[in-house]
Amino acid sequence: MEASELAAKVIVNEGVRSVFALPSGEILPLCEHLRDEGVNVIFARHEQAVGNMAEGYARVTRNAGVAIVPTGPGLASLMPALAQAYYSGSPIVAISGHSKFENLDRNAFEEIEGARWVERYVKWSKMPIFPERLHEYVQEAFRHALSGKFGPALLEIPKDVLNAEVENDVELAPPERYRYTGRIVCESRFFDRAIEMLNSAEKPVIVAGSGVYWSGAEEELRMLAERLSIPVAVNGMAFGTIPTTHPLYAGPAPGNVLLREADLVMVIGTRLDDFLGFGVGLFSDEARIIQVDIDWSQIGKNRYVDLGVVSDAKAFLSGLLERVDGIKRFDHWAKEFGEMAKGMMEMLVRPASENGMLKPQEMMLELSSLITRDDIVVLDGGETTAWGLLLLKAERAGNVFNSQGELGHLGAGVPMGIAAKSAFPEKRVFVVTGDGSFLFNGVEIETAVRHELPIIVIVANDSAWGMVCHTRYLSTGSKERACFGTLLNENARYDKFAESLGAYGELVEKKGELTEAIRRAVESGMPAVIDVRISREEMSPLAYMLSGVEG
C-alpha cells in the first residue's frame, strides 16, 4: 500500500470524521484514501480557511481537527490559522505537501523549509523522510496536539515519501497505545490549601477559561458553583460552560469591573493575560488568587498567585468537589453580586436610538430569542463578538463561541461555521460576523454551497471597522480621527454577494425583521447570508476596555 494510505488510517483511528483541504497534486492521494475510508473531505478556497475549518472542527468536537494543504505558498497561507490555534490551545494536525525529498536544497518549485519556519507557533513540526515510518509521525502529531495544553502540530511531507509503496503488514495501534489519554492530576496538598483559602474567604469568584471547556468540566464547574454558591465569570471557550441563564453566571470576565469586589479569585484554565488585566487591572490588589492551569509556564505569570496548581481543569474540579463538604456557602455574596450584574446588564440595553436604526443590542436580543441549546453560534468580529458574548444566551458549552481566540484573528467565523455544520449536520449553525470580518473569508460561502452545508451567516453591517473606529474615538475624542481608515462601503450588499455564489441572501434594515429572515433562510435549505444594517453609534464595554490599548 502507499504510505499515504497508512497516514489516512491513523487519522481514521483517531476518530476524525471530517478533514479540510485545498487540492494539489502532492496531497490529493492522501485525501483520496481518507474519502475511501469514509471521511468527509471538504475542499476550501483558501488555505487560511482550511486551518480555520480544522480549528472549528476541533472546537465543536473537542477532538483534533485535520488541515491538509499544498506545499510552499499553501503552507505560508495556513500560517495565520496555525498561530490562532496555538494561542487558543486548539488541537490541529496540519499536513502540508513538499517537493520530492530527492530534490531537497536544489531550488525545487515551491520549496520552503516550512517545518522550521512555523515552529514558533506550533507545538511540534517535522519533515518525515522514511515512508515506512510515516504512520509513526502522524501518530506523533496527534500525540503532541492532544497532550498537555492542546495546540497545533505540523507534518511537512515530501511528495515521494507520501506516495511511496510500503509493506502491508504494518501494525496500527489505537490511540491509547501511543499517547496518554488520561488526566493530569495535582497532589492532594494543593486541594487542602484551596479548601483553607475558601474557608477564609468572604467574596469568592471563579473565572473559568478554555481549559474548562477542553477538559469537558462544565458539569463539575456548575456543581462546585452551586454547592458553595460562588459566582462564575467566563473567558475564552468557557462561554456556556455554565448556562448564561444560571443565577450564578457572572458574565464574561474581560472588562468585568465587578470582579474587583472579590477577595478570592479562582482562575481555572485561562491565562492572566490582557483580557484579565494581566491579573492586576481586573482584580483587587488584596484579592488572593488560586490559579489552575495544565500549562506550568502560565502559573504566576504577570501576577504572583497565592496557590498555583498544574492540573487538568476537570481533574482539579472533581477533586475539589470531593472535599468541599462542610465549607460554608456564600449565598449572601452571590445574591449581592447577581444584583450588581443585573444592574450593569440593564444599562447596556437602552431604548432604540433616535435615528431609528437597528442597534446591535437589539439584533443580538432578537437572535437570542430564536436560538436553542441545540444550535451552534459562531461569533466573528470585534464589536459583534463583544455584543454577542454579552447578550446571546448559551445553555451549554460550545453553544456559542468566539472564533477569534486569544490572538484576535478575524475572518475565521464562516470557515468555523462550515466545520461545525460538517461535524453536526443535524444542528442549525449560525455565524454572526461583522461586515469587516466577513469578507476575509466570505468567499467560503461557495464552499458551503458546493458541499451542501446550509449555514446561516448574519452580517452585522455598520459599514465600518467598528471596534477600531470606537476605540479611536474613545482614545482621541475626535470623530474625524475615529473615521479615518475605518469606514467601509455603505453600498456593499453582502446578501447579493452570497446570491452570486449560489446561496440564499436577504437584507434586513428594521427591528423585528430578522426573525422572519432567518425563517426564510432555514426554509431555503441553502447556505444563507443575511445582511443586517445596524447603528454605528453603540459602543460595547470591550471598546471602552481596549481604548487605552488601541489609542
Side-chain angles (χ1 to χ4, degrees), residues 59-62 89 183 185-186 191 194-195 197-199 201 203-254 256 258-259 262 264-270 276 290-294 309 311-342 345 368 371-377 389-402:
R59 290 196 188 193
V60 297
T61 64
R62 292 190 250 207
R183 303 193 179 280
V185 186
C186 66
F191 292 115
I195 295 296
M197 294 174 69
L198 280 166
N199 267 324
K203 297 180 176 181
V205 168
I206 297 171
V207 176
S210 298
V212 174
Y213 175 79
W214 288 117
S215 64
E218 48 266 32
E219 183 66 14
E220 289 79 6
L221 174 67
R222 182 190 57 78
M223 289 175 65
L224 180 65
E226 291 176 348
R227 186 84 62 87
L228 300 180
S229 196
I230 300 177
V232 179
V234 296
N235 194 31
M237 283 292 290
F239 191 73
T241 52
I242 184 168
T244 55
T245 53
H246 196 286
L248 291 171
Y249 174 65
N256 192 332
L258 301 181
L259 296 180
L264 174 64
V265 184
M266 299 176 63
V267 181
I268 304 177
T270 188
L276 296 186
I290 298 174
Q291 185 181 12
V292 181
D293 204 289
I294 202 168
V309 182
S311 175
D312 169 90
K314 188 180 182 77
F316 177 80
L317 289 167
S318 297
L320 198 59
L321 271 169
E322 295 172 359
R323 296 166 168 85
V324 295
D325 289 340
I327 294 182
K328 63 183 179 182
R329 289 175 56 84
F330 302 94
D331 295 309
H332 180 74
W333 158 241
K335 181 180 179 181
E336 178 186 345
F337 194 102
E339 289 173 350
M340 291 189 294
K342 181 180 178 182
M345 287 299 296
S368 188
I371 60 176
T372 71
R373 66 173 287 109
D374 292 324
D375 295 330
I376 296 174
V377 182
L389 293 177
L390 281 169
L391 299 174
L392 292 180
K393 69 175 183 287
E395 298 183 23
R396 62 169 178 81
N399 189 189
V400 177
F401 67 87
N402 168 14

Show the numbers, then the answer: is there a side-chain contact (heavy atoms from CB on, under 4.5 Å) between Glu218 and Arg396?
CA-CA 8 Å; Glu218 48 266 32; Arg396 62 169 178 81; over 6 Å; no
Ser215 backbone acceptor or donor facing Arg183 side chain under 3.5 Å:
yes
Electrostatic pair Arg222:Glu219 at N-O distance under 4.0 angstrom:
yes
Looking only at heavy atoms, which two atoms of Glu226 and Arg329 are closest? And how far apart?
O-NH1, 2.8 Å
Output for pair (Leu264 CG, Met197 CE), nearest 0.5 Å, gives 5.0 Å
Search all heavy atoms of Phe330 against all heavy atoms of Leu198 and return the closest pair with its distance.
CZ-O, 3.4 Å
Inter-residue atom distance Ile206.CD1 - Thr241.OG1, 0.5 Å rounding
10.0 Å
Side chains of Thr372 and Asn399, heavy atoms from C-beta outward: is any pair under 4.5 Å?
no
Leu259 and Val265, any side-chain heavy atoms less than 4.5 Å apart:
no
What closest approach, in Å, do Pro252 and Leu389 show between heavy atoms, and which atom pair accounts for it?
CG-O, 3.6 Å
Set of residues satisfying ring pair (Phe, Tyr, Trp, His ring centres under 6.0 Å) with respect to Tyr249, sequence neighbours excluded
none
Using side-chain heavy atoms (C-beta onward) and a distance below 4.5 Å, is Phe239 in contact with Thr244?
yes
To the nearest 0.5 Å, atom CG of Leu390 lies from atom OG of Ser368 at 11.5 Å
Measure the spacing between CG of Leu392 and CD1 of Ile371 and express it to the nearest 0.5 Å.
5.0 Å
Basic-acidic side-chain contact under 4.0 Å: Lys314, Asp312
no
Please check this pair: side chain of Asn235 against backbone of Leu276, looking for a donor-acceptor N/O pair closer than 3.5 Å.
no
Partners of Tyr213 by ring pair (Phe, Tyr, Trp, His ring centres under 6.0 Å), sequence neighbours excluded?
none
How long is the span from the CE atom in Met223 to the CG atom in Leu221, to the nearest 0.5 Å?
11.0 Å
Nearest 0.5 Å, please: how far is CG in Asp293 from OG in Ser210?
10.0 Å
Side-chain (Lys393) to main-chain (Pro243) donor-acceptor, under 3.5 angstrom:
no
With the side chain counted from C-beta on, respond yes when Trp333 and Ser229 share a heavy-atom pair under 4.5 Å apart, and no when they do not.
no
Taking all atoms of both residues into account, what is the closest heavy-atom pair of Gly240 and Ala394, and its distance?
CA-CB, 3.9 Å
Flag the pair Glu220 / Ile268 as yes when at least one side-chain heavy-atom distance between them is below 4.5 Å, and no otherwise.
no
Do Arg59 and Trp214 make a side-chain contact, defined as non-hydrogen atoms from C-beta onward lying under 4.5 Å apart?
yes
Whether over 12 other heavy atoms sit under 6.0 Å from His246 NE2:
yes
All heavy atoms of Ala250 vs all of Phe337, minimum pair found to be CB-CE2, 3.2 Å
Taking all heavy atoms of Ala201 and all of Lys328, pick out the closest pair and write down the distance.
O-NZ, 2.8 Å
Step through the shown structure and confirm whether more than 12 heavy atoms of other residues, nucleotides or ligands are within 6.0 Å of NZ on Lys335.
no
Test log, rule side-chain contact (heavy atoms from CB on, under 4.5 Å), inputs Ile376 and Phe401
CA-CA 8 Å; Ile376 296 174; Phe401 67 87; 4.0 Å; yes
